[in-house]
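Heads up: the structure comes next, in structure tokens.
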There are 2 protein chains.
Amino acid sequence: MIRDSRLSSVLHALLHMAEHDGPMTSEALGRCLAANPVVVRRTMGLLRDAGLVASERGHAGGWRIVADLETVSLRRLHEALGEPAIHALGHRHETPSCLVEQAVNAALGQAMAEAEALLLDRFAQVTLADLARDFARRHAEVRAQKG
Amino acid sequence: MIRDSRLSSVLHALLHMAEHDGPMTSEALGRCLAANPVVVRRTMGLLRDAGLVASERGHAGGWRIVADLETVSLRRLHEALGEPAIHALGHRHETPSCLVEQAVNAALGQAMAEAEALLLDRFAQVTLADLARDFARRHAEVRAQKG
DNA sequence: AATCATGTAACTAGTGATGTTACATGAAGG
DNA sequence: CCTTCATGTAACATCACTAGTTACATGATT
């Protein structure tokens with residue numbers, strides 16, 4: 001089971017918002033993501049706290065992007081979500097007194113730190129604008145196949 | 001919360017077994033790991049199925065290593081444990097019909113695949129013998145400080 | 001004032017490792 | 001043979017966390 005799909009969800013939501021004129025309601029986003037509107041609000045609220053989106057109540061309310069797509073990287077979104085744990089693996093005692101466990105933690109910890117650094121680096125290199133362009137390319141491709 | 005510390009646990013257990021003469025009981029290993037003996041049996045059983053350790057019942061029974069420490073890598077142990085999920089992040093729909101989600105999955109999936117490949121590569125390069133040597137070095141260091 | 005949408009609390013569901021109890025099975029020693 | 005010791009395994013509880021759901025308050029627009 002995937003433990004945390006929020007980064008994927010907010011990316012999906014943000015791209016839909018980028019392609020959409022005017023604010024989108026939590027319910028509309030929930031239909032796009034096949035997710036519950038309350039969960040959408042809960043997750044988007046973290047992006048609002050980070051200054052990436054804004055929400056408005058009442059008629060014609062909803063969510064809209066207030067940041068430049070070119071400057072928002074996946075890493076920034078990951079941070080906005082509270083930097084949830086990336087790895088499902090780990091060790092129980094962080095600072096063990098046992099020398100054996102220290103050796104284990106050193107080896108395991110280094111490999112995982114390298115993998116995490118690589119992932120965060122990749123996240124930092126991809127912006128919402130990149131994804132929007134990739135979507136546009138896929139969209140054009142499908143239209144070309146049909147036409 | 002760490003979801004899966006089994007790799008760390010079996011490494012810890014195997015190194016203790018390597019430093020110990022004769023088989024070690026689940027209860028003794030449980031004391032080393034601060035874990036429940038039944039959990040130890042459950043986890044070590046996977047290594048037994050992979051041919052890395054053997055178990056014996058009755059008096060003077062317990063667990064012992066039957067593989068060459070030089071040839072057992074962290075990756076092989078990870079495989080013996082059933083290759084549990086490495087990432088805590090992911091997306092919900094693997095093959096979405098939505099083009100937006102396809103673009104998201106492609107970007108996210110590639111970054112995560114790279115990170116996973118790096119981690120598995122690092123795991124493949126570290127053997128139990130390497131860890132045993134690292135432990136011996138740490139042990140000598142501590143004795144030097146005391147003496 | 002009615003309607004619409006967010007804000008948020010409170011609770012449930014689902015997942016997977018880990019903890020725990022209980023009991024069967026087999027091996028060694030008296 | 002029988003007791004003891006240790007694994008083998010089933011069954012259930014616990015824990016942590018995201019996601020789903022219900023309910024209601026708050027604020028903005030018409």
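Here is how names work: the chains are called A, B, and so on, in the same order as the sequence lines, proteins then strands, and each is numbered from 1.
- Comment: B:R92 does not engage B:E101 in a salt bridge, judged by the lack of any side-chain N to carboxylate O separation of less than 4.0 angstrom.
- Residue B:S5 places at least one side-chain N or O under 4.0 Å from the OP1 or OP2 atom of C:dT18.
- Considering only side-chain atoms of A:R48, the nucleotide from D:dT7, C:dG7, C:dA17 that sits closest is C:dG7.
- When rounded to the nearest whole Å, the span between CZ of A:R6 and C1' of D:dG20 equals 15 Å.
- Interatomic distance, CZ of A:R76 versus OG1 of A:T127, reported as 12.0 Å (0.5 Å rounding).
- Proximity of A:R92 to the phosphate of C:dG19: a side-chain N or O atom is located under 4.0 Å from OP1 or OP2.
- Between B:E56 atom CD and C:dA28 atom P there is a gap of 8 Å when expressed in whole angstrom units.
- B:R42 places its CZ atom 10 Å from the P atom of D:dA10, with the value rounded to the nearest Å.
- Contact between the side-chain N/O atoms of B:S55 and the OP1/OP2 oxygens of D:dA6 is not found at any separation under 4.0 Å.
- Closest to the B:W63 side chain, of the nucleotides D:dT7, C:dT20, C:dG7, is D:dT7.
- Just one residue in the list B:L14, B:V66, B:I65, B:V72 forms a side chain to side chain contact (heavy atoms under 4.5 Å, CB included) with B:L47, and that residue is B:L14.
- Between the CZ atom of A:R64 and the P atom of C:dT6 there is a distance of 13 Å, given to the nearest Å.
- When the nucleotides D:dA19, D:dT7, D:dT29 are ranked by their closest atom to the side chain of A:H59, D:dT29 comes out on top.
- Per the geometry, CZ belonging to B:R41 stands 9 Å off C1' belonging to D:dT9, to the nearest Å.
- In this entry the distance linking CG of A:L89 with C1' of D:dA16 reads 16 Å, nearest Å.
- Within residues 32-40 of chain B, the residues having any heavy atom closer than 4.0 Å to DNA chain D are, in order of number, B:V38.
- Sparse packing is recorded around CG of A:D21, with 12 or fewer heavy atoms of other residues, nucleotides or ligands lying under 6.0 Å away.
- Nucleotide D:dG8 holds its P atom 9 Å from the CG atom of B:D49, rounded to whole Å.
- Contact check, B:S26 against D:dT7: a side-chain N or O comes under 4.0 Å of OP1 or OP2.
- At least one donor-acceptor pair under 3.5 Å links the side chain of A:Q102 to the backbone N or O of A:P96.
- Summarising the geometry, the separation between CZ on B:R3 and P on D:dT18 is reported as 11 Å, rounded to the nearest angstrom.
- When only modelled atom types and interatomic distance are considered, A:Q145 and A:E141 share no side-chain donor-acceptor pair under 3.5 Å.
- Two rings, from A:H12 and A:H16, have their centers less than 6.0 Å apart.
- A:E27 comes within contact range of no nucleotide atom at all, as no heavy-atom separation falls under 4.0 Å.
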